[in-house]
Every structure is written in C-alpha cells, then in structure tokens.
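Before any comments, here is the structure.
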Amino acid sequence: MSDTDIGFVTFGDSGLHSSELQFGTWRFGRETAEGNLEIGEERAYELLDAYADAGGRYIDTADVYGGGDSERWIGNWLGERDRERYTVASKLYWQIRDGDPNSRGTNRKNIRHRVEASLERLDTDYLDVLYLHRWDEETPTRETMKTLNALVEEGKIHYLGASTYRPNGWRVAKANAIARAEGWEPFTVLQPRYNLVDREIEGEYLEMARNEGLAVCPWSPLGQGFLTGKYDREEGLTGESRASESTSFEESYLTEENFDAHDVLDAVAEEVDASPAQVALAWQLHRDGITAPIVGARTVEQLEENVAAVDIDLTEEQVERLTEAKGGPFAEL
Ligand SMILES: NC(=O)c1ccc[n+]([C@@H]2O[C@H](COP(=O)([O-])OP(=O)(O)OC[C@H]3O[C@@H](n4cnc5c(N)ncnc54)[C@H](OP(=O)(O)O)[C@@H]3O)[C@@H](O)[C@H]2O)c1
C-alpha cells in the first residue's frame, strides 16, 4: 500500500477535478531503436496499479502511443475497475495511413474516425478529454471546432484540449473565440512541454492560458529523465535509461546551461532531503499557472519516487531559486 496520497485540483475554469499529478503512458508499447519495448504490457499494468494505489486518477494517452497498445492496455486495465473513478485523456493528429492525407490532422473525417477507434481500443463510451495532438494548419479552425462540439454534444467527449509543441497561443485563443461566438464547446486545457529547463511557454502563452481560464498540464516535467540526477556533466548517463536513446535528447538536454540549472536542483533537493526528480515535480506543483504535470516512469520504483513529490514543501525562496536557475528571471506566471 502506498503512503502517498495524490490529491485533486480544479481543472481550469471547468467543473472537473484532475489529479494533481497525472500519469503519462507515452512509453507503453513504444519500441526503442534496438527493437525492445520501453514498457511492455505486464509492466504497464503494474505502473497503472502503482499510480492508482497512490491515489492517482488521471491517465494521459494518445491514439498513436505504442501503435494503439497504450489505449488498449489502459482499456483492459479499466475493464477490471470502476471506469467512472478515472479521467482518461487521449489525443489525435498524426498521420496513420501512408499516402492518405485525410488520415492526418483535424479535418472532420479524421476526427470522427479516430475518436471512434480510440473509444473502441479503450473499451469505453466516452473520453474525458480529447486533445488535438498538434495544430493542423491546413484545416479551417471552424471545421475542427464544429466537429469537436458535435462530439461533445453526442457525449463522446467531455472536455477539449490543445497540445502544441511550440507555443502558439493565438491559435487557441482564436479557436475559443469562434467556439464561444457560436455557442460551441471551447478548449478547457492545454498540454505544452514545460520543465525546469524547457521554459518556452512562460510569458505570452501562459498569460493567454490564464486569460482564457485554461488548465495547463505540462508534458516531460522531468525533461525525459534529465532532471532525475542520472546524467553527469562529464560522464553523461550514469544509470539506466530507455528514454534517452534518441539523438535529439543529448542535443536538447545535455548542455552546460542545463547542467548549471541541475546544480541548483541538486542543492535544493539536498536541503529538503528529497531526490532531484521529486523537487523538479514539486517546483511545478508550487508554480502558479500550472495545473498538473503529466509524469512518466519506466519502472514502478521510479513512479513511487515521483509521486512522493506531492508531499514536498518548498519555501518561496527555494521556488524562486529554482525558477531562476536557468537564465532567469522569467516572466511572472
Ligand atoms: N502532447 C505531447 O506532444 C506529449 C509529448 C511527450 C509526452 N507527453 C505526455 O507526457 C507524459 C510524460 O512525458 P515524458 O515521458 O517525457 O515525461 P518525463 O517525466 O519528463 O520523463 C519520463 C522518463 O524519465 C525517466 N524517469 C522518470 N522518473 C525517473 C526517476 N525517478 N529516476 C530516473 N529516471 C526517471 C524514465 O525514463 P528512462 O528510465 O528510460 O530514462 C521515464 O520514462 C507522456 O507519457 C505523455 O503522456 C505528451
């Protein structure tokens, strides 16, 4: 039995409550460069059990994760539990059939087909949250919002989200303005990348989120494992990792500037007797404007370490030092 008790937070301006730490399943069924699975089926169930045991109730997936296996395994797992107790978010966007441009993006045909396929894999009647995985610049925003609104009215989706790589807040603000003018469902939540060393959403994007009453649920809150203390400035990786087996990881994360920020993280971690991963998550939990980070883990041990972040108290001074660790001061959230 876990000692951790993950609590609930309000989900933007909606009436929904989200777990303060959401669980991400990107790596369920994901093949590494060597053809191994980062997380296989049995491990996936163990991780979901561990998250639920710690009080976690919000599961993040996408239709393309593990070629559909992430949704399938979550569906199997939920089949043994009370579906109503869990909030499940999925996503759509990426092309799924070679040579077929209609199988990509947020056109009406693709959205309708993809939502049905997700519901079938998850073996459920509704998605609590559907995210657009990326912004589709080819489909008119009205077409996308009208289609999504119809799905909300049909009860197949409860809340809408936008997950974008680069901050492009104006697109979301424009889509919400159209939706509100037409009496359609607007976006409720954003899912951007955000962590101690990836800070591009600070400023205009978070200001837009606050203005629109949007929940903000960051992905890669541990910088894909960089912020866990297992990378060394000189030696590189010192522990085990599957997540870092991509070429871009090294370029994005293993930089002098990031290791300088990690030094501050290590110092605070020592002061509060916690691990760097726990403090990196606790920093987000203390940050105004951030609703709930989506944490990932490859092993149950990692997950148990990470969820204990909800019990860590940081002083205002510690939060400020962490905030300014990478080139600060940054804009107020
Ligand atoms: N919307 C989007 O476009 C988008 C993009 C990316 C992710 N996401 C969502 O966000 C979730 C989280 O993303 P992420 O996996 O990048 O998150 P993350 O929490 O930054 O990184 C998770 C990885 O870090 C390592 N790790 C985690 N805890 C650790 C610990 N205590 N000690 C040592 N290593 C640890 C593990 O990889 P190794 O052990 O292999 O190093 C783990 O798989 C995803 O599952 C997905 O749901 C969304």
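One-based numbering, in listed order, for ligands and for the atoms of each.
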Plane angle bin for Trp77 and Tyr86 - parallel if under 30°, tilted between 30 and 60°, otherwise perpendicular
perpendicular

Could you say whether the N/O atoms of Tyr231 and ligand 1 ever approach to under 3.5 Å?
no

Min side-chain heavy-atom separation Arg57-Phe8 under 4.5 Å
yes

Taking only non-hydrogen atoms of Arg27 and a 4.0 Å limit, the atoms of ligand 1 in range are 15 (O), 16 (O), 43 (O)

Quick one: look up the protein heavy atom nearest atom 6 (C) of ligand 1 and list residue, atom name and how far away it is.
Trp219 CE3, 3.1 Å

Pair Glu31 + Arg242: basic N to acidic O under 4.0 Å:
no

Atom 23 (C) of ligand 1 has as its nearest protein heavy atom Gln224 C, 4.0 Å

For Gly223, atoms of ligand 1 separated by under 4.0 Å from a heavy atom
20 (O)

What part of Arg242, side chain from CB on, backbone N/CA/C/O, both or neither, has a heavy atom under 4.0 Å from ligand 1?
both

For atom 44 (C) of ligand 1, the closest protein heavy atom turns out to be Trp26 CB, 3.3 Å

With atom 38 (P) of ligand 1 as the reference point, say which of Glu304, Lys230, Gln278 has the nearest heavy atom.
Lys230

Answer side chain, backbone, both or neither: which part of Leu222 comes under 4.0 Å from ligand 1, heavy atoms only.
both

So if I count the atoms of ligand 1 from 1 in the order they appear, which ones are less than 4.0 Å from some heavy atom of Arg134?
2 (C), 3 (O)

protein heavy-atom neighbour closest to atom 37 (O) of ligand 1 works out as Ala243 CB, 3.4 Å

If you take the nearest heavy atom of each of Tyr65, Phe28, Phe23, which one is closest to atom 46 (C) of ligand 1?
Tyr65

Does the Glu20 side chain pair with the main chain of Thr291, one donor and one acceptor, at a distance under 3.5 Å?
no

Per-atom contacts of ligand 1 with Gly24, taking only distances under 4.0 Å to non-hydrogen atoms
11 (C), 44 (C), 45 (O), 47 (O)

Does Glu116 come within less than 4.0 Å of Arg112, counting only side-chain N to carboxylate O?
no

At a 4.0 Å threshold, what atoms of ligand 1 neighbour a non-hydrogen atom of Gly225?
21 (O), 24 (O), 25 (C)

For atom 12 (C) of ligand 1, closest protein heavy-atom neighbour
Ile294 O, 3.2 Å

Asn306, portion touching ligand 1 at heavy-atom distance under 4.0 Å:
side chain

Pair Arg298 + Glu240, salt bridge at N-O below 4.0 Å
yes

Check ion pair Arg81-Asp49 (N to O, under 4.0 angstrom)
yes

Hey, is CD on Glu41 packed in by over 12 heavy atoms from elsewhere, all under 6.0 Å?
yes

If we number the atoms of ligand 1 from 1 as shown, the ones under 4.0 Å from a heavy atom of Ser163 are 1 (N), 2 (C), 3 (O)

Ring centroid separation Phe11 to His17 under 6.0 Å:
no

Under the side-chain hydrogen bond (donor to acceptor under 3.5 Å, both in side chains) rule, what do Thr32 and Glu38 come out as? Steps first, then yes or no, please.
CA-CA 6 Å; Thr32 62; Glu38 277 194 38; over 6 Å; no

Heavy-atom distances under 4.0 Å are what count here, so tell me which part of Arg193 touches ligand 1: side chain, backbone, both or neither.
neither

Part of Glu38 within contact of ligand 1 (heavy atoms, under 4.0 Å)
neither

Over 60° means perpendicular and under 30° means parallel, so tell me whether Phe226 and Phe259 are parallel, tilted or perpendicular.
perpendicular

Among protein heavy atoms, which sits nearest to atom 47 (O) of ligand 1, and what does the distance come to when rounded to 0.1 Å?
Asp60 OD2, 2.6 Å

By number and element, which atoms of ligand 1 are closer than 4.0 Å to a non-hydrogen atom of Gln191?
1 (N), 2 (C), 4 (C), 8 (N), 9 (C), 48 (C)

Under 3.5 Å between any N/O of Val295 and any N/O of ligand 1: does that happen in this structure?
no

Could you list which atoms of ligand 1 come closer than 4.0 Å to a heavy atom of Thr228?
29 (C), 30 (C), 32 (N), 33 (C), 34 (N), 35 (C)

From atom 26 (N) of ligand 1, work out which of Gln302, Arg30, Glu305, Glu240 has a heavy atom at the shortest distance.
Gln302

Within one Ile-Leu-Val-Met-Phe-Trp-Tyr cluster: Ile74 and Trp26, side-chain cutoff 4.5 Å:
no

Identity of the nearest option to atom 13 (O) of ligand 1, non-hydrogen atoms only, from Ser220, Gly296, Ala297:
Ser220

Evaluate whether atom CD of Glu271 has more than 12 neighbouring non-hydrogen atoms of other residues, nucleotides or ligands under 6.0 angstrom away.
yes

Charged N-O contact under 4.0 Å between Asp60 and Lys91
yes

Quick one: side chain to side chain donor-acceptor pair (under 3.5 Å) pairs with a partner in residues 299-314, sequence neighbours left out?
Ser275-Glu305

